[in-house]
Each structure stands twice: as structure tokens, then as C-alpha cells.
Amino acid sequence: MTYHIAIDVSSVLRRTVCELYSNLVTRPTGATVRRAIEEALDGLPEPNVTVIDFSHVTLLDFSCADEIVGKLLDAQQRADGRPRTYFLIRGLHEPYLEAIEAVLERYDLAALVLDPTGNVHLVGTLDDGARRAWHVVRQRGAVQVQDIEAELGEPSVPWEEVVSQLSSRRLIVRRDDGRVALPQAS
Amino acid sequence: MTTVITVPPSLDDQTLEQVLDQLAPLPADQKVLVDARHTRWASPYGLTALLTIAQSRAERASFAGPETEETASYWQRAGFYEHAERVFEMHGHVPRPRGHAGESQVLLEITPVAKSDDVHDVVEKIQAKAQTILVNELHLDPMATMRFAMTLSEVCQNIVEHAQTTGWVAVQTYRYRQRLGRRVVVIAVCDGGIGFRRSLESAQGRKLSDRWDDGMALEDAMLRGVSRFRDPGRGQGLAGVRRYVGKWDGKLAIRSGTARIALIPSWDEDIALREGLAPFPGSQVQITIPERVAKG
């Protein structure tokens, strides 16, 4: 069973930094919010898909994007063992998305973003093969590695490794039935 | 003995150099009178730089403000006198607030920035006015308000993170007749802190090249996104500011120490890197965003 959790970043900001603030600006603010999110994640049941929701944030600057998204995802990426927490980012206005993309590039990270219609998009840095495999998973739903190979051809590409890379980067979920799928918001 | 420093009739980022040239030969403890009696106009950069000059003097500097009522009144509404009285010894008439509804050209009065909370306050204040000015009057896209506030936040944080002293920020809009004949919105952020070169020098394990100077420090920070912090996420603020300014066909200029670097749009003829300027502590940033005109 996968648990589904949503973290409203605006509420975290008001609770941890200042009741009056609605802007995610400055590094100290971002660091405080990230620590609060990390504490919340520590107590969550696993495996889980956690939606980081920026919908009610009035402003997100580059420094806060780095402190919250960059450092949070980087730390998770470095953690040992099989991924137990998957992230979806929601509520990003175009400028916030630009800031987050810039951050992800710096860390050589990729992340999943939910658009207003609920579609999942891949942002950040990922090599071409992994990106194409991810799009097959997105298009077809739960698939076997062989399905990806059949779809994309190129038998010389080690698709199992590509899928492992996508899984370790938390961009797809390995299911108990051996298939892989995108993390779902709920 | 007091040395009189004459402020030119029009004070902006270019003519400020005349003021700094006069200050350069003087020891910091030399008493000076900054004489702006004949000044008729000052950009937000000029006004915040005057406060920074006061900050840089070991002996409290004196200040004589514009004799023209209109100019003095505008400087008062821009918030200059409120801070000038704290950092200068004032001479002559000091205009007082008249309780009017505020100056429409002033998006953000001169505001001190020393800590992160100040950046929050600056961003909160600007958001209310920015939408009207940027979208309705300068015809920038609707997302420009967010990008503008993000830009402002990052340049203000530069003070908090690197200056190690109080700086000032101001945002105004005016018609830039000299080069554009269009309206512009101008962000000025000035501090008298340690500046880019010393900030980057403080990075642990940083190797300095033979040519290491203020100009190279500015190139590193602005063009290569170098920061004194080793963390990979650092240096993004200025990189983001550059991207946005480019997107708006705007101009970004940063002066620090004896050098000045600029990202120059097609409508301007400035020099990309000027070195050997009169020394001035800290960093002075100016962002100029022009009104968007329909291409036709």
C-alpha cells in the first residue's frame, strides 16, 4: 500500500516562520521551511507519494527554491536504500517553475511536477534515454521493462539500468508485481 | 577643515563617479560636506549612493540638500531625508512630510536592508504597487510582477548575505529621455559593505589568480555564478536576475570597489566592464527595465 500525503508549503511557512508572511523569500526562510518539511517526512508512513504544494505561495524566489526544493531533493537523492518517498510538486506558476528548473540543473536533479489539470511533467536534468523511457511509462501507465524496450527498440541500450536509474531518482515507482509506474498524487 | 564635495546637477550611476572622484583622495576621517544644493534630479541609484557615502565616512559627513523646492520635496517623498538625517549632519532646510497620499513614481521608498526580515518587508511592499506599474503602464507580461519581486528579493539578499552592513534599496519609475524616450522602472540597491572581491576572497580554499581584482570578482559573480559558498545551489540568485533582465531587454549594472560591470541592452551604449574607477566600498546595483513597446 502506498500512502498519499500533501504538504501545503504556505501553511508550513506561516507555522514556522511568520504568521504574516505569504512569500517564500530569503535563504533563512527557505531553510526553516525545508527543515519543517523534513521533520514532517520523518514521521510519515512508507512508502508514500508526497505532494509538495506551492498553490498558496504568493512568491518563491531563487534562494528559497534552492533551499526548499534543491536541498530537500538532493538530500533524499543521497539517502541510501530503496526509495520509500516519492515527490510531486504542485501549484507552480511559470516563474516558480523557472526558478525550480534552474535549481534542479545546478544539482543535476530531476523532479515531477503536477500541472493544474493533474498531468505529470518531468523537469530538470536527465539523460535522453532515461527521459524517453520515462515518457513511455507516462504514456502507457504501469509497464514492464520489456515493454519499454519494445516501444523504444534499441536493444543495445541497457533498459533495466535505465529503469533502475529512474527508480533511484524517484521518478518512477517499482511495484510489487514487477512493473513500473509513475508516482500518483492520490 | 571641511572639504566640499559637489554633487552634479543630475545625479545618476554615471555622474556619481564625479562625486566619488572627489572623495577618492581624501582619508576616511576627513570631514566632508556633500553639497547637493544645485542638484535638480537624482536617480534612485544616486540617492541610495549618497547614503552609502555617508556610511563610508569615519568622520560624520555633512549634507546640504537641493535648494529647488520641487527637487527637495521629491527627495523627501522618496524617503531620502528620513535616512539622511540619521547618517549625515544636515545643513540648511530639511523638508518635512506633508501627509499626502504618496508619490506615484516611487514604487518603493528608500528602505534600509540589513536582515532577512527586511527583505520580506520589501517584497510585501512592492507587490501592491508593482502590478499596476509593470503590467498596466510598462506593458510587461502579467507574470512580470512575480519575476520583478523575485529579482528585487535576490538583489536585496545580496546585502544580507555579503555586505555585512546595512544597505539601501529604492525602486522608482520615470521617463528615461536621455537614451530611450520611454518609461523605465529602476531598482537601486547600494551598500557600503565588503564588496564582491572581499566576499569571494573569503571562500575557503579559493585560489586567486594573478589578475584577481574587483573587475574579475564581478565577472566571476555575474557571468560565472561564483559565490563565496561552496554549496552547489549558491550563485543562482544573480544568475536568475540576469536571465530576467535579459528577458525584459533591461540593463543590469553592478559597481564594486574600483570596477563596474554591466549587462547592456541594445538601446544603451555603456561599457561592459569599467576598471580603475575611484574606490568605493561595498556594492551598488542598478537594474533598469524599460517599457515594452509593440514591435511594428
Side-chain angles (χ1 to χ4, degrees), chain A residues 10 13-14 16-34 54-78 91-109 111 116 124-125, chain B residues 113-128 130-131 134-135 140-162 169 187 224-248:
Chain A
S10 176
L13 169 70
R14 288 167 202 273
T16 58
V17 182
C18 176
E19 184 67 31
L20 302 173
Y21 291 161
S22 60
N23 295 312
L24 277 172
V25 295
T26 80
R27 285 194 176 273
T29 299
T32 304
V33 168
R34 184 191 69 250
F54 288 88
S55 301
H56 303 292
V57 170
T58 313
L59 191 75
L60 173 72
D61 71 4
F62 291 94
S63 299
C64 258
D66 175 50
E67 287 292 338
I68 299 172
V69 179
K71 289 186 176 169
L72 177 69
L73 297 189
D74 188 48
Q76 294 282 330
Q77 193 69 61
R78 289 164 189 272
L92 295 180
H93 292 289
E94 192 183 306
Y96 305 173
L97 186 57
E98 291 163 358
I100 286 175
E101 283 183 314
V103 164
L104 294 172
E105 277 171 26
R106 284 263 184 161
Y107 286 91
D108 193 23
L109 288 171
T125 310
Chain B
V113 175
K115 54 191 190 304
S116 291
D117 282 352
D118 298 333
V119 181
H120 275 275
D121 292 341
V122 163
V123 170
E124 296 275 344
K125 277 186 196 169
I126 201 76
Q127 280 170 324
Q131 176 78 18
L134 298 176
V135 179
L140 300 178
D141 69 88
M143 288 292 166
T145 311
M146 278 184 196
R147 294 189 178 105
F148 183 80
M150 289 162 76
T151 298
L152 187 60
S153 168
E154 295 298 343
V155 287
C156 288
Q157 282 181 72
N158 193 55
I159 298 173
V160 177
E161 297 243 331
H162 304 284
V169 56
I187 298 174
R224 293 183 273 277
V226 176
S227 163
R228 76 184 157 108
F229 300 99
R230 304 185 83 175
D231 172 344
R234 294 296 185 137
Q236 292 182 68
L238 206 46
V241 169
R242 261 188 75 191
R243 270 199 304 278
Y244 285 163
V245 171
K247 198 180 182 99
W248 292 318

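So you know, we letter chains A, B, ... as the sequences are listed, proteins then strands, and number each from 1.
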| note | Smallest heavy-atom separation, B:Q157 atom then A:R27 atom, equals OE1-N, 3.3 Å
| said: Within the 4.5 Å heavy-atom criterion, are B:E154 and A:S63 side-chain neighbours or not? | reply: yes
| note | Which of A:V25, A:L24, A:L60 passes side-chain contact (heavy atoms from CB on, under 4.5 Å) with B:S153? Answer is A:V25
| Roughly how far, to the nearest 0.5 Å, is the CD1 atom of B:I126 from the CG atom of A:L59? | 11.5 Å
| note | When the 4.5 angstrom heavy-atom criterion is applied to B:K247 and chain A, the contacting part is side chain
| field | B:V160 vs A:T26 side-chain heavy atoms within contact, under 4.5 Å | value | no
| request: First locate atom OG1 of A:T29, then atom CG of B:D117, and finally report the distance between them rounded to the nearest 0.5 Å. | output: 7.5 Å
| query | Just wondering, are more than 12 heavy atoms of other shown residues or ligands nearer than 6.0 Å to CZ in A:R78? | reply | no
| said: The test is salt bridge (charged side-chain N to carboxylate O under 4.0 Å, His left out); show your working for A:E98 and B:R147 and say whether it passes. | reply: CA-CA 10 Å; A:E98 291 163 358; B:R147 294 189 178 105; 2.7 Å; yes
| task | Pick whichever of B:M146, B:H120, B:M150 has the most heavy-atom pairs under 4.5 Å with chain A. | result | B:H120
